[in-house]
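Notes to accompany the following structure.
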Protein chains: 2
Amino acid sequence: MNETFGKLLKEIRHEKNISQRELALSVGVDYSYISKIENDRLPPPAAETIIKIADSLKVPPEILLANSGKVSNDLKDVISNPEAIRFLNTVKQMNLSNAEWQSLQQQLKSLR
Amino acid sequence: MNETFGKLLKEIRHEKNISQRELALSVGVDYSYISKIENDRLPPPAAETIIKIADSLKVPPEILLANSGKVSNDLKDVISNPEAIRFLNTVKQMNLSNAEWQSLQQQLKSLR
DNA sequence: CAAAATGTTGAGTTTATACTCAACATTTGT
DNA sequence: ACAAATGTTGAGTATAAACTCAACATTTTG
């Protein structure tokens with residue numbers, strides 16, 4: 001059930017019928033790097049590179065980011081607040097389900 | 001209003017009346033490293049080192065972590081979920097106040 | 001005031017991150 | 001079949017992260 005970053009990327013790229021070379025070109029990295037990532041010979045790229053990849057493949061970045069262990073600068077900004085960290089620690093302890101996350105999203109929106 | 005990591009650490013350490021050498025010893029780093037961090041000559045340490053520092057100083061880690069730009073492995077785990085990332089992105093757009101964060105904490109607890 | 005404690009500085013080290021380059025292997029289209 | 005496209009591999013590079021070590025300066029205290 002725990003898919004690697006590489007396998008996931010390869011799958012998405014295949015769905016989109018794009019070659020490693022095309023993707024690499026549009027992202028701005030060497031194509032051999034894409035190959036290594038897809039075969040899990042190298043760890044996932046930097047968060048900002050993952051976002052470029054997602055943009056190129058026209059998929060939501062969080063799908064790839066979530067599988068990467070990397071945190072984007074945007075998210076680091078959000079976490080630059082003690083309350084945010086406390087919140088996330090509580091969340092961790094509770095081990096939220098997907099449904100619960102979405103419920104929270106609702107609460108969030110109805111906050112304003 | 002934007003205090004540096006170094007100044008904050010120095011303040012807390014002084015409040016606790018602990019020397020750089022004591023702190024360094026108990027954390028397991030060189031004392032000169034503490035000095036450089038406190039004077040912002042070097043960037044904040046790794047997240048896990050920051051946590052050790054907070055433990056040694058007996059303060060909640062999130063106070064220091066929030067000012068560091070670093071993300072602990074614990075938090076990285078929480079963010080290994082697309083829903084979590086989506087949630088945090090929404091939060092970012094909304095620029096939540098402290099009060100709102102706490103309100104969310106409440107909602108979170110009342111979720112179970 | 002002297003010595004012990006504490007703090008600062010410059011220079012270096014080790015390890016990890018984030019890739020590139022060149023060569024070769026495999027697959028695909030005609 | 002054969003060439004163009006695509007994918008894989010090994011080796012290397014450049015930069016940053018996360019520190020250490022040794023020397024010296026400053027402050028504190030008996």
Side-chain angles (χ1 to χ4, degrees), chain A residues 4-57 61 64-65 67-77 79-80, chain B residues 4-57 61 64-76 79-80:
Chain A
T4 68
F5 181 84
K7 288 189 79 178
L8 177 58
L9 173 55
K10 185 173 266 180
E11 272 168 34
I12 298 176
R13 185 177 60 80
H14 280 150
E15 276 165 23
K16 303 288 181 166
N17 277 304
I18 290 177
S19 73
Q20 290 178 347
R21 279 167 155 94
E22 285 177 89
L23 176 59
L25 183 67
S26 109
V27 166
V29 297
D30 194 88
Y31 57 83
S32 73
Y33 186 45
I34 301 288
S35 169
K36 282 165 201 173
I37 288 165
E38 288 190 352
N39 296 299
D40 300 305
R41 313 300 239 62
L42 287 181
E48 313 306 320
T49 304
I50 293 177
I51 292 171
K52 284 187 204 163
I53 291 176
D55 287 352
S56 291
L57 295 176
L64 286 168
L65 282 171
N67 264 270
S68 76
K70 306 297 178 83
V71 179
S72 69
N73 293 333
D74 269 15
L75 285 202
K76 281 187 182 165
D77 283 353
I79 304 169
S80 69
Chain B
T4 69
F5 182 83
K7 288 189 80 178
L8 177 59
L9 173 55
K10 184 173 266 179
E11 271 169 32
I12 298 176
R13 184 177 59 79
H14 280 150
E15 276 165 22
K16 303 287 181 167
N17 277 305
I18 290 177
S19 72
Q20 290 177 350
R21 278 167 155 94
E22 285 177 89
L23 177 58
L25 183 68
S26 109
V27 165
V29 297
D30 194 87
Y31 57 84
S32 73
Y33 186 46
I34 301 286
S35 170
K36 282 164 201 173
I37 288 165
E38 288 191 351
N39 296 297
D40 300 304
R41 312 305 238 57
L42 287 181
E48 311 307 320
T49 304
I50 293 177
I51 291 170
K52 284 187 203 161
I53 290 175
D55 287 352
S56 290
L57 295 176
L64 285 169
L65 282 172
N67 263 269
S68 77
K70 306 296 179 84
V71 179
S72 69
N73 293 333
D74 268 15
L75 286 201
K76 280 187 183 164
I79 304 170
S80 71

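Side chains are part of it too, since the values below use all heavy atoms of this structure and drop only hydrogens, waters and symmetry mates.
At whole-Å resolution of the value, CD1 in A/I34 and C1' in D/dG7 are 12 Å apart. C/dA18 atom C1' lies 16 Å from atom CG of A/D40, rounded to whole Å. The CD1 atom of A/I37 sits 19 Å away from the P atom of D/dT6 (whole-angstrom rounding). C/dT9 atom C1' lies 12 Å from atom CD of B/Q20, rounded to whole Å. A straight line from NZ of B/K76 to C1' of C/dT17 spans 11 Å, rounded to a whole angstrom. Note: NZ (B/K10) to P (D/dT27) measures 12 Å, nearest angstrom. Atom CZ of A/R41 and atom C1' of D/dG7 are 12 Å apart (whole Å). Here the P atom of nucleotide D/dT8 and the CG atom of A/L9 are 11 Å apart, to the nearest Å.
Remark: side-chain polar atoms of B/K76 are not paired, donor with acceptor, to backbone N or O of A/K70 under 3.5 angstrom.
Taking 4.0 angstrom as the limit, B/S35 places none of its side-chain polar atoms (N or O) nearer than this to OP1 or OP2 of C/dT9. The phosphate of C/dG7 (OP1 or OP2) has a side-chain N or O of B/R13 nearer than 4.0 angstrom.
Counting heavy atoms from C-beta on, the side chains of A/T4 and A/N67 never come closer than 4.5 Å. When side chains are defined from C-beta on, B/I50 counts as touching B/P44, because their heavy atoms get closer than 4.5 Å. Proximity of B/P45 to B/V29: side-chain heavy atoms (C-beta onward) are nowhere separated by under 4.5 Å.
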Can you tabulate the close N/O pairs, meaning under 3.5 Å, that link protein atoms to atoms of nucleotides 20-28 of chain C?
{"residue": "C/dT20", "atom": "OP2", "partner": "A/D30", "partner atom": "N", "Å": "2.5"}
{"residue": "C/dT20", "atom": "O4", "partner": "A/K36", "partner atom": "NZ", "Å": "3.0"}
{"residue": "C/dC21", "atom": "N4", "partner": "A/S32", "partner atom": "OG", "Å": "2.6"}

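The side chain of B/N39 lies closest to C/dT8 when the candidates are C/dC19, D/dT9, C/dT8.
No salt bridge links A/K7 with A/E38; every basic N to acidic carboxylate O contact stays at or beyond 4.0 Å.
Annotation: side chain to side chain donor-acceptor pair (under 3.5 Å) contacts of A/D55 (sequence neighbours excluded): none.
Using a 3.5 Å distance cut-off with no hydrogens or angles, the side chains of A/S72 and A/D74 do not pair a donor with an acceptor.
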